[in-house]
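In what follows, a structure is listed as structure tokens, so that the remarks can point back to it.
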Amino acid sequence: MRHIFVTILVALSSFAHAAVDTRLLTQLAAEDSDEKIIAIQKIAQSAEPDAKSILQSLADGNLNDPDGQPITINNRVRREIDGALAVLKLFDPSAVVRLNSVKEISTNVDASMAPMLRKAIAQESDVKVKALLVEVYALATLKDPDKDIRLAAVTALATSADPNNKSVLFEMSKPENEAETAVRMAAFRSYLQVKQRQTVVENVGRVFSGLSLASILLLAAMGLAITYGVMGVINMAHGELLMIGAYATFGVQSIFRTFFPAQLDWYVPVAIPVAFLAAAAVGVVLERTVIRWLYGRPLETLLATWGLSLILIQAARLIFGAQNVELANPSWMTGGVEVMPGIVLPLNRIFIIGFSLFVLTLVWVLMNKTRLGMFVRAVTQNRGMAGCVGVPTARIDTVAFALGAGIAGLGGVALSQIANVGPDMGQGYIVDSFMVVVLGGVGQLAGAVWAALGLGVATKFIEAGAGAVVAKILVLVFIIIFIQKRPQGLFALKGRFVES
Amino acid sequence: MSILLLHEVTVSFDGFRALNSLSLDIAVGELRCIIGPNGAGKTTMMDVITGKTRADRGKVMFDQTIDVRRMTEADIAHLGIGRKFQKPTIFENLTVFENLELAMKMDKRARVSMFAWLDDSERDRVSDTLKQIRLDHQAERQAGLLSHGQKQWLEIGMLLIQDPRLLLLDEPVAGMTDDETARTGELFKSLAGKHSLVVVEHDMAFIEQLGGKVTVLHEGSVLAEGDLATVQNDARVIEVYLGR
Amino acid sequence: MRRPFIVRFFSATPKAGWQALAIFTTFALLVVPLLHLAVPETSVFHVSSYAITLIGKIMCFAIVGVAMDLIWGYAGILSLGHGLFFALGGYAFGMYLMRQIGRDGSYQSDLPDFMVFLDWKQLPWYWTGSDSIWWAAVLVLTVPALVALVFGFFAFRSRIKGVYFSIITQAMTFAAMLYFFRNETGFGGNNGFTDFKRIAGYSITSPEMRVTLFALSAAMLMATLVLCRYVVSSKFGRVLMAIRDAESRVMFLGYNPLHYKLAAWTLSAFLCGIAGALYVPQVGIINPGEMSPANSIEIAIWVAVGGRATLVGPVIGAFIVNLSKSFFTQAFPEYWLFFLGALFVGVTLWLPQGVVGLWSQWREKRANALAIAPADAAVEPGAAK
């Protein structure tokens, strides 16, 4: 072994047991780049345990030629090394590394990789990685001269979840690309299967993003369902109460950053009550100072609360600055769950869906099962009578408004996890949340839920076909038309009390 | 000859039957009184006749040939059905004179109203009506400033100047003094014959003064019909009013 | 005896109103233009071009205010979408202004700059005729009114009222804003129309043009006031007020409120469109921001500050709010929204009749005081102060 001329770093001590053909090592030092590339490819395909370390040190410039000079490489060779290294990761002990490696290879696969992929499949123990490997192998063998291998490849691709394979298969089914009828037919069959699966995947994805949009709408609209639906107060500052909830979340995060950096992940649960209380407190102030004097004058309430929203926006601008503030998802809310191949549901969205269900339950219990809820409903239905039987109507108004505001604050917590937090953030939600309340029928919690769901999912499906702006316009137009047909909303109250 | 015929009219709100197969026949020139406990469907019946509420089932025929069920409130008013609400509904920010001017029978299309101008005969009609309802000295006063009884009168005046063939009057003497009530009764009696009147009332003395046929409504349908003495002695009517 | 329509039309405005209009006319059409054009800039009497543009702009806003008052103050319909009609009028005239740039744009193309930027090869069909000022006038006069007519027809027919209507109009202008934000819509996207050069061949920045636009705005404002005064004092106006106070009564009297509301609504939008067309050449830009809900709701506050159902109130309100705006945005930009917000709250809480209401209250009080004072003086001469 005298002619081991390569100086190796300490870290590469296992090199002594090198199984890579030494002739290949010599070839690596060749003047000609093409020679080098052939050597690299061969080393990679050998998939010997030390191949990776050799190629890595070559890339790092730590591999010397027989004269002790470092082997120089140009960009073309470097690209080749990168590709080879990716391939070699297929044999990494860690399944995660192998999975990423297959994914990387799948974007840029060619026929030369086929033997090495076959080797990898044989060694692979992880089911998920193996499935992907089979798919990539099929891609690599699509142009194989042997028609049986091609047939096997197009058949194997039928289970693929990768959208790109749809067009690959479609091309294969054309006569100019594939001579064998049997292969073409198989390719077309696989194409249809991939296409169908993809439609399902896309629809599941849309329903999910629709659900998460619906949760946001619902969180924004639930507070309104109380203040507008139950109390008849048009609160144009409702969006700003969301904003206050979001800034409260930001405040809690900042406190955690400063004082409890180790527990930073848990700032969200702490922020929930803080945001509720902060928004509710602002709600109490608004109700006591302004809204109280405007009961029964909806148009005036609308204008006054619009004024309040301007004041709150500007206050936020002066306190927190006009720029959006930075909020980080806690680590337990980052990333996603892969429910099906090709569908990753982000955890923060799942959190929001769950959170909105939690708030919905809370509101429902509060309005239907508690004394406070009973009082609120009593005051709504007959203020005078409620007062006569001893319900403190003025206090109930304040509490109910604070409750609606607090729920908006909770919505702010949720929003802070997925959207930008800034002074103007509330403005974007006010029209939408009013639409939910109007569509659902005033004073109807169930109506608000269905309206939010319908609007959320419909928006996402239209968005897929026509783009976000057109979707928004179409939804607004739809609502306007819907109101034509059913001015009282989805869940209409009928009878002699409706108009009064 | 009937001016208004209701045939098995049914209206329900969320399962509650406000009118339950109600049939009623008002003759031309008749003065009919309608009584009944709260919730008997009196106001709903007026809503159905004037187009405010749609009947789920049944027929509402005006002047024997015209089915009003699909018509708008305004078109029904044009047919010659005038209505007075339970709570006086007048235009509080307009003057008494203007209230009557708007009510007067004339072309009521928007484009005509832009150029409309009262001529002398129309002014005379307004002043005649003002005298009839004894508000001739209040003509330029804001209607919102009138007393409750005066508002009732103004609304009756608005009905008269509309010159309808059928007048529907929902508790027209509520809140009036005895003197005003008596005068209203005289007025109604003088109207009967030329116009047909349907009066909903609780005030038995007033109904007695009006005379005429009385219909008792109960739970959305007719319980009894006849002159006041007859219905007052009807066992079922007594039970509805006093029983339970 | 019937008086001719024309006499009735002009006699709707009372004598004091005509006197005020005469004074206003003298100033707007004679004094201000002369002070701007003939008096040297160094003189204290010179009216700066900044002031001309500002006042001209506010007069356009005042027209919108009066139009808003017609439907809110008199018919009780609060629109939160009037900015749309204003902007549509502006866009309609803006198309003409864009075409008047000719080849003087940044790309020296016959097409407006933004179309070159989008790599469009020819004008879209709806730009046909946009090089004619007459066609532009037709668009200004019809498009906002037509949009209002269609929207109003559906909304009023299904008896959408009160707050529902307000929110639907807000959604309407919001949707329109999103639509105009798109580049593909063909109205310049985010940037809208700007960089105008001339009107009918005359430079848009010349003092003469500035004064002309100023005078036109003033004339339009006066025409709007006289027209609206006639409308509200006609029987039509009384029916509108009747609808505001008791709509069902109006229906049972045989009026179809749909037609009345629709007519008032469309007239209001029509006036807004003209105001928008006068506004755009004066400020030199129109973009979808004009359609934002915030802009539309601000119109309501001009009316509320001045006084609803008064016609002159919205003019006063538009001046108060917009002069404050230009003062604040220069002197204390951070506090403008606080001021505006407080104005919304304060006016609704304490000044429901607006400035005009305050004025008439004060006059009434003074009249009462004058009537009582002599009696008091007779009884207790010593107590008089």
Side-chain angles (χ1 to χ4, degrees), chain B residues 46-47 49-52 71-85 87-95 97-120 122-123 142-144 154-155 158-159 161-164 167-168 170, chain C residues 1-9 11-12 70 73-76 149 152-153 156-159 227-267 308-310 352-353 357:
Chain B
M46 294 213 169
D47 286 348
I49 299 170
T50 53
K52 191 179 177 198
M71 296 170 78
T72 65
E73 289 97 324
D75 289 340
I76 293 172
H78 272 294
L79 287 179
I81 299 181
R83 175 178 185 183
K84 198 202 130 339
F85 291 95
K87 194 175 142 228
T89 330
I90 51 167
F91 309 123
E92 309 229 330
N93 285 308
L94 299 179
T95 65
F97 186 93
E98 287 170 336
N99 266 276
L100 290 173
E101 179 206 346
L102 291 191
M104 188 161 27
K105 191 174 183 176
M106 55 160 65
D107 195 331
K108 288 179 172 173
R109 283 174 303 176
R111 73 185 111 101
V112 177
S113 74
M114 289 253 194
F115 313 101
W117 202 252
L118 286 184
D119 61 29
D120 288 344
E122 285 166 335
R123 285 182 175 278
Q142 241 191 25
L154 175 56
E155 200 180 6
M158 288 164 74
L159 230 64
I161 204 165
Q162 222 180 320
D163 195 24
L167 284 86
L168 304 173
D170 204 346
Chain C
M1 208 191 73
R2 285 180 73 90
R3 287 189 293 167
F5 172 72
I6 194 82
V7 176
R8 284 195 273 136
F9 183 86
S11 62
L70 187 65
Y74 289 92
L149 187 72
F153 176 75
F156 296 133
R157 195 190 56 161
S158 32
R159 304 200 177 160
L227 173 70
C228 289
R229 175 58 66 197
Y230 172 74
V231 168
V232 301
S233 59
S234 71
K235 187 183 165 204
F236 178 86
R238 286 193 288 282
V239 176
L240 276 191
M241 284 182 265
I243 290 171
R244 178 190 68 192
D245 294 344
E247 182 164 347
S248 55
R249 172 40 86 210
V250 176
M251 286 192 289
F252 293 123
L253 287 180
Y255 294 94
N256 189 343
L258 168 66
H259 297 161
Y260 284 85
K261 287 184 186 175
L262 197 55
W265 171 253
T266 309
L267 174 63
R308 268 174 277 167
T310 58
Q353 306 298 318

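We name chains A, B, ... by the order of the sequence lines, and we start the count at 1 in each one.
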Handout entry: Proximity breakdown for C/Y230 and chain B, heavy-atom pairs closer than 4.5 Å
Key = side chain

Exercise for the section: Would you give the length of the straight line joining atom CD of B/E155 to atom CZ of C/R249, rounded to the nearest 0.5 angstrom? Expected result: 4.0 Å

Practice task
Of all the heavy-atom pairs spanning C/M251 and B/A77, show the shortest one and how long it is.
Solution key: O-CB, 3.9 Å

Completion exercise
Rounded to the nearest 0.5 angstrom, the CG-CZ distance for B/L94 and C/R244 is 7.5 Å

Exercise for the section: Check for a donor-acceptor pair, side chain of B/R111 on one end and backbone N or O of C/A263 on the other, with a separation under 3.5 Å. Expected result: no

Exercise for the section: Might you confirm whether atom CD of C/Q353 has over 12 heavy atoms from other residues, nucleotides or ligands at distances under 6.0 Å? Expected result: no

Problem - Close side-chain approach of C/K235 and B/E101, heavy atoms under 4.5 Å - result: yes

Fill in the blank from the handout: Per-residue tally against chain C (heavy atom, under 4.5 Å) across B/L102, B/L159, B/T89 peaks at B/L102

Problem - Heavy-atom pair of closest approach, residues B/F85 and C/S248 - result: CZ-OG, 3.9 Å

Practice task
With rounding to the nearest 0.5 Å, note down the distance linking OH in C/Y260 to OG in B/S113.
Solution key: 3.5 Å

Exercise for the section: Check for a donor-acceptor pair, side chain of B/Q162 on one end and backbone N or O of C/F252 on the other, with a separation under 3.5 Å. Expected result: yes

Practice task
Mind checking the CD-CD spacing from B/E73 to C/E247? Nearest 0.5 Å is all I need.
Solution key: 9.0 Å

Problem - Atom pair CZ (B/F115) and CZ (C/R8), whose distance is rounded to the nearest 0.5 Å - result: 9.0 Å

Exercise for the section: Decide yes or no for C/M241 and B/E98: does some side-chain heavy atom of the first lie under 4.5 Å from some side-chain heavy atom of the second? Expected result: no

Practice task
Sort out for me which of C/L262, C/D245, C/L258, C/L253 touches chain B most, counting heavy-atom pairs under 4.5 Å.
Solution key: C/L253

Handout entry: Part of B/I76 within contact of chain C (heavy atom distance under 4.5 Å)
Key = neither

